[in-house]
Number of protein chains: 2
Amino acid sequence: MLTAMAAAPSERADAVRNRQKILAAAARLVAAGAAERLSLDEVARVADVGVGTVYRRFGDRAGLVFALLEEQHQLFRARVVEGPPPLGPRADAGDRLRAFLHALVDLSVGQRELLLLAESSSPPARYLSASYDFQHAHAGRLIAELRPDADAAFLADALLAPFAPSLIDHQCRVRGFSPERIKAGFDQLVHGTLESAR
Amino acid sequence: MLTAMAAAPSERADAVRNRQKILAAAARLVAAGAAERLSLDEVARVADVGVGTVYRRFGDRAGLVFALLEEQHQLFRARVVEGPPPLGPRADAGDRLRAFLHALVDLSVGQRELLLLAESSSPPARYLSASYDFQHAHAGRLIAELRPDADAAFLADALLAPFAPSLIDHQCRVRGFSPERIKAGFDQLVHGTLESAR
DNA sequence: GAGACAAACGGAGATTTCTCCATATCCATA
DNA sequence: TATGGATATGGAGAAATCTCCGTTTGTCTC
């Protein structure tokens, strides 16, 4: 469980085929609105594959959903690592951090459904995923550059914590926050709006 | 589901009795180390009650676990509302906010097991609970007092987000953060350590 | 090609969560 | 204290997640 799934060194042809079939079936079901209650039995049935195969390929529900999210995360990662500033390199750390948080807001709001599904399948999986590792490392680097004496590892966790899918969803649906308001909120947080506290 | 359970205006005597038996059984099982995999069937069996009764009383797993946490939260709430400063009233807002966050660190670390269980039962339940409402309102009030022009509702969510049980657990177990380090991290966050970002 | 071995498949079934409703229990009223 | 109706009970069973393992399929070697 909680397995991150990258194609192993040499994966048999039938395994690759089935991985595709399962991902396609799951994507189709999610697109069809069966997101909230996505049953792996049903995925297997639609993919025309045994349930055991789904579990062998993806470990558990969370693994399957993370695999579905993987493509978007690769794109995001590429924009951060080699895209144009201010998200990509060659902007100063402050601007990059701001752009990074804003982009994450859009990503989190846009993928809300799948992210919620992943979280409900296994809340701790987020912190064990390659994608969180990347986000934490990137934010940590920028913070360390801005403030060499701060606890960058903690602050990176703290800045990423509000992207927990259920909180984003709660803010959007219950509190009625717009993505712009959330972005502005992060600006305030990062700009030391609370500084007088003490 | 996600039901917050306060004793209804007039609850029948057998209902009250069974509520107690179930809570006692659940507490006993958790204390006995069966926390990670606490089965409601087993709770029912130990409480000598039908499964249906457990669900009627508590709605679902999350409801039962929140009920187990309730007592601690009442105590915490009382300390905040009418305890001695700096956590209680009659300290300035900055000191109260700091004390509040520090106390929450201790509470979150101390109740880690039960909180994880609650989160894994239903991640969004946290944001719908009376206890989160209280924390959000309290932090929001203090923030508004410190910075009347800030978005207190968002910032309160953002300051509470790092208390997500799976993050706290990850920081304690995987990153090896001590409670003191987490408290110091919150101090940096609140003191505007990141301010030069921009 | 044929054989051998590892890898993958599939689906029966164990486990768990939660629902439903026929039955049992409580209690307000008279 | 008898009674009627609202409330609560309990366990069978529906639905979902995940495991286990006998069988099948790929792939590597000769």
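To find a chain, count down the sequence lines: A is the first, B the second, and so on, and within it residues start at 1. Everything numeric in this text was worked out from a predicted model, so none of it was measured.
The ring-ring contact (aromatic ring centres under 6.0 Å, His included) pairs that include a residue from residues 67-93 of chain A are Phe76(A)-Phe100(A), where partners are two or more places apart or lie in different chains. A ring-ring contact (aromatic ring centres under 6.0 Å, His included) check over residues 27-52 of chain A, counting only residues at least two apart or in different chains, returns nothing. Residue pairs meeting the salt bridge (charged side-chain N to carboxylate O under 4.0 Å, His left out) criterion with at least one partner in residues 162-172 of chain A, sequence neighbours excluded, are Arg112(A)-Asp169(A), Asp169(A)-Arg173(A).
Judged by a 6.0 Å distance limit and a 45° cone about the ring axis, Arg126(A) is not positioned over the six-membered ring of Phe66(A).
When the C1' atom of dT17(C) is taken as reference, atom CZ of Arg61(A) falls 13 Å away, rounded to whole Å. Look at CZ on Arg56(A): it is 9 Å from P on dA7(C), rounded to the nearest Å. In this entry the distance linking CG of Asp60(B) with C1' of dT16(C) reads 14 Å, nearest Å. In this structure, Tyr55(A) atom OH and dG13(C) atom P are separated by 18 Å, rounded to whole Å. In this structure, Leu29(A) places its CG atom 12 Å from P of dA16(D), rounding to the nearest Å. Rounded to a whole Å, the CZ atom of Phe58(B) is 14 Å from the C1' atom of dA8(D).
Comparing Asn18(B) and Val51(A) by the nucleotide of DNA chain D that holds the closest heavy atom to each, the one mapping nearer the 5' end is Asn18(B).
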Steps toward side chain to side chain contact (heavy atoms under 4.5 Å, CB included) verdict (Glu119(B), Leu115(B))
CA-CA 6 Å; Glu119(B) 185 190 47; Leu115(B) 289 168; over 6 Å; no

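Hydrophobic clustering places Leu160(A) together with Leu167(B) (ILVMFWY residues linked when any side-chain heavy atoms are closer than 4.5 Å, directly or through intermediates).
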For nucleotides 24-30 of chain C, just jot down a letter per nucleotide in 5' to 3' order: B, S or -, based on protein non-hydrogen atoms under 4.0 Å.
-BSS---

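The nearest pair of heavy atoms linking Asp95(B) to Ala91(B) is CB-CB, 4.5 Å.
The ring-ring contact (aromatic ring centres under 6.0 Å, His included) test applied to His170(B) returns Tyr127(A), not counting sequence neighbours.
Distances shown here put every side-chain N or O of Thr53(B) at or beyond 4.0 Å from the OP1 or OP2 atom of dA8(D). Considering only side-chain N and O atoms, Arg57(B) lies under 4.0 angstrom from the phosphate OP1 or OP2 of dA8(D).
Residues Phe163(B) and Tyr132(B) place their aromatic rings such that the two centres sit no closer than 6.0 Å.
Residues of residues 37-45 of chain B having a heavy atom closer than 4.0 Å to DNA chain C, listed by number: Leu38(B), Ser39(B), Leu40(B), Asp41(B).
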